[in-house]
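See structure below.
Naming convention: chains lettered A, B, ... in sequence-line order (proteins, then strands); numbering from 1 in each chain. Source: prediction; values computed, not measured.
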Protein chains: 2
Amino acid sequence: MKHPRPCSIADALALVGEKYSLLVLREVCLGNERFDQLVRNIGAPRDILATRLRRLVEAGILEKVAYSERPQRFRYRPTPAGLELEPVLMTLMAWGDRHLRGEEDRPMILEHSCGQELVPVVTCSACGDAVRHEDLTAHPQSPGWTTTGPSAA
Amino acid sequence: MKHPRPCSIADALALVGEKYSLLVLREVCLGNERFDQLVRNIGAPRDILATRLRRLVEAGILEKVAYSERPQRFRYRPTPAGLELEPVLMTLMAWGDRHLRGEEDRPMILEHSCGQELVPVVTCSACGDAVRHEDLTAHPQSPGWTTTGPSAA
DNA sequence: CCCCGTAAGTTGGAAAATCAAACCCTCTCT
DNA sequence: AGAGAGGGTTTGATTTTCCAACTTACGGGG
């Protein structure tokens, strides 16, 4: 896995882009923090899950905390950096709800503290507007970015 | 890959969660739509890339369009559904910029049409506020969601 | 006509990752 | 003592990835 381009998307995916990693994050954000819960709720092989958890811990996305000595038992909590990945999950979930299911077939609804159902929208923090593809211009900061198109990711 | 839970995050990842898929989307959103450009810019093996492209096309995320008959040449364009995944990329990129790099080491800066550098924020479309973890409550709509924790993804 | 180059893949075989099931260890409970 | 629960590790078969080479189809130059 060599990146021909310096890219934070690629770098982020190198940490959380492997199979099951984002589902682990989903579970811990929901409060399911124990190994066996993760195995059951995600449906991942135990060995793979163990590998992912090590990776996420060493990446500073999760924290392994003992909730019992004797017998030693652990849970995995999201760090602040891990919690900051939640917007990625919300955006993905909204996309799946919109494109992979019929109306009113959502497996889960998130309620915002304002009392409404959460419909996440990505906005520009400067002007507050929802961001659309046509409103973006890409400015590469390093070589290796020979963009032929004008728009941006 | 069996999902013990009905989940739009899992379903979305089943389509775009494989290695390179989101990088393909990054490239086509940037306007790099030809096979050889994708190979070079992503650094993926050609055969894997061909497989991914087939998947993304059949999922309705990309569209394969001939830009030349004789010799036949194709490009891959994002469909509207594909473009709607851009917010996922923006959010991931912002996370990577924040957590994987020092200040002012960003490989790429996105400019919004308002003239400012884009700092994407996920907001609640109902109230407009930035969404924080503590402001969410999860409401499972189907069985298989035995959430032990109160918060949400 | 022959050879070179480009674009868009396909093919073959070695290397790495995934999978499922079984196993292990440490406690607790009855 | 026996039966679980929790948190993993081990083993061996199955899948994927990876890389390099090959293919097909055309356009251009000498």
As a test of understanding, state which of B:N41, B:N32, B:L56, B:I61 forms a side chain to side chain contact (heavy atoms under 4.5 Å, CB included) with B:V24.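 Among the candidates, only B:L56 passes.
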Quick one: [X] [atom1] to [N] [atom2], roughly how many Å, whole number?
| X | N | atom1 | atom2 | value |
| --- | --- | --- | --- | --- |
| A:E69 | C:dT28 | CD | P | 12 Å |
| A:I42 | D:dG8 | CD1 | P | 13 Å |
| A:F74 | C:dC25 | CZ | P | 17 Å |
| A:N41 | D:dG7 | CG | P | 13 Å |
| B:L62 | C:dA8 | CG | C1' | 16 Å |
| A:E33 | D:dG7 | CD | C1' | 15 Å |
| A:R54 | C:dA17 | CZ | C1' | 14 Å |
| A:R52 | C:dC19 | CZ | C1' | 12 Å |

Please pick, from [options], the nucleotide with the shortest atom-to-atom distance to any side-chain atom of [X].
| X | options | result |
| --- | --- | --- |
| B:I48 | C:dA7, D:dC18, D:dT9 | D:dC18 |
| B:K19 | C:dC19, D:dT17, D:dG8 | D:dT17 |
| B:P45 | D:dC18, D:dG7, D:dT9 | D:dC18 |
| A:D47 | D:dT11, D:dG8, D:dC18 | D:dT11 |

Could you tell me whether the phosphate oxygens of D:dT16, OP1 or OP2, come under 4.0 Å of any side-chain nitrogen or oxygen in B:Y20?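 No, B:Y20 has no side-chain N/O under 4.0 Å of OP1/OP2 on D:dT16.
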Looking at D:dG7, I'd like to know if its phosphate oxygens (OP1 or OP2) sit under 4.0 Å from a side-chain N or O belonging to A:Y67.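 Yes, within the criterion.
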Side-chain contact test, heavy atoms from C-beta onward, threshold under 4.5 Å: evaluate it for A:Y20 versus A:L38 and give yes or no.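 A:Y20 does not reach A:L38 side chain to side chain.
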State, yes or no, whether a side-chain contact exists between B:E27 and B:Q37 at a heavy-atom distance under 4.5 Å.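 No. Closest side-chain heavy atoms not under 4.5 Å.
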Are A:L83 and A:L53 linked, directly or through other ILVMFWY residues, by side chains that come within less than 4.5 angstrom of each other?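 Each belongs to a different hydrophobic cluster.
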Which residue is it: A:R98, A:R101, A:H99? I am looking for the one with a side-chain hydrogen bond (donor to acceptor under 3.5 Å, both in side chains) to B:S8.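 Result: among A:R98, A:R101, A:H99, A:R101 is the only option passing the side-chain hydrogen bond (donor to acceptor under 3.5 Å, both in side chains) with B:S8.
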On DNA chain C, does the nearest nucleotide to A:A44 precede the nearest nucleotide to B:R46 from the 5' side, or the other way round? Give the residue.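 So the residue in question is B:R46.
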Within a reach of under 6.0 Å around CZ of B:R55, are more than 12 heavy atoms found that belong to other residues, nucleotides or ligands?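 It does not: B:R55 CZ has 12 such atoms or fewer within range.
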For A:E63, is there an ion pair with A:R77 - N to carboxylate O distance below 4.0 angstrom?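 Salt bridge absent between A:R77 and A:E63.
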Protein-nucleic acid N or O pairs under 3.5 Å, nucleotides 26-28 of chain D:
{"unit_1": "D:dC26", "atom_1": "OP1", "unit_2": "B:R70", "atom_2": "NH1", "d": "2.7"}
{"unit_1": "D:dC26", "atom_1": "OP1", "unit_2": "B:R70", "atom_2": "NH2", "d": "3.1"}

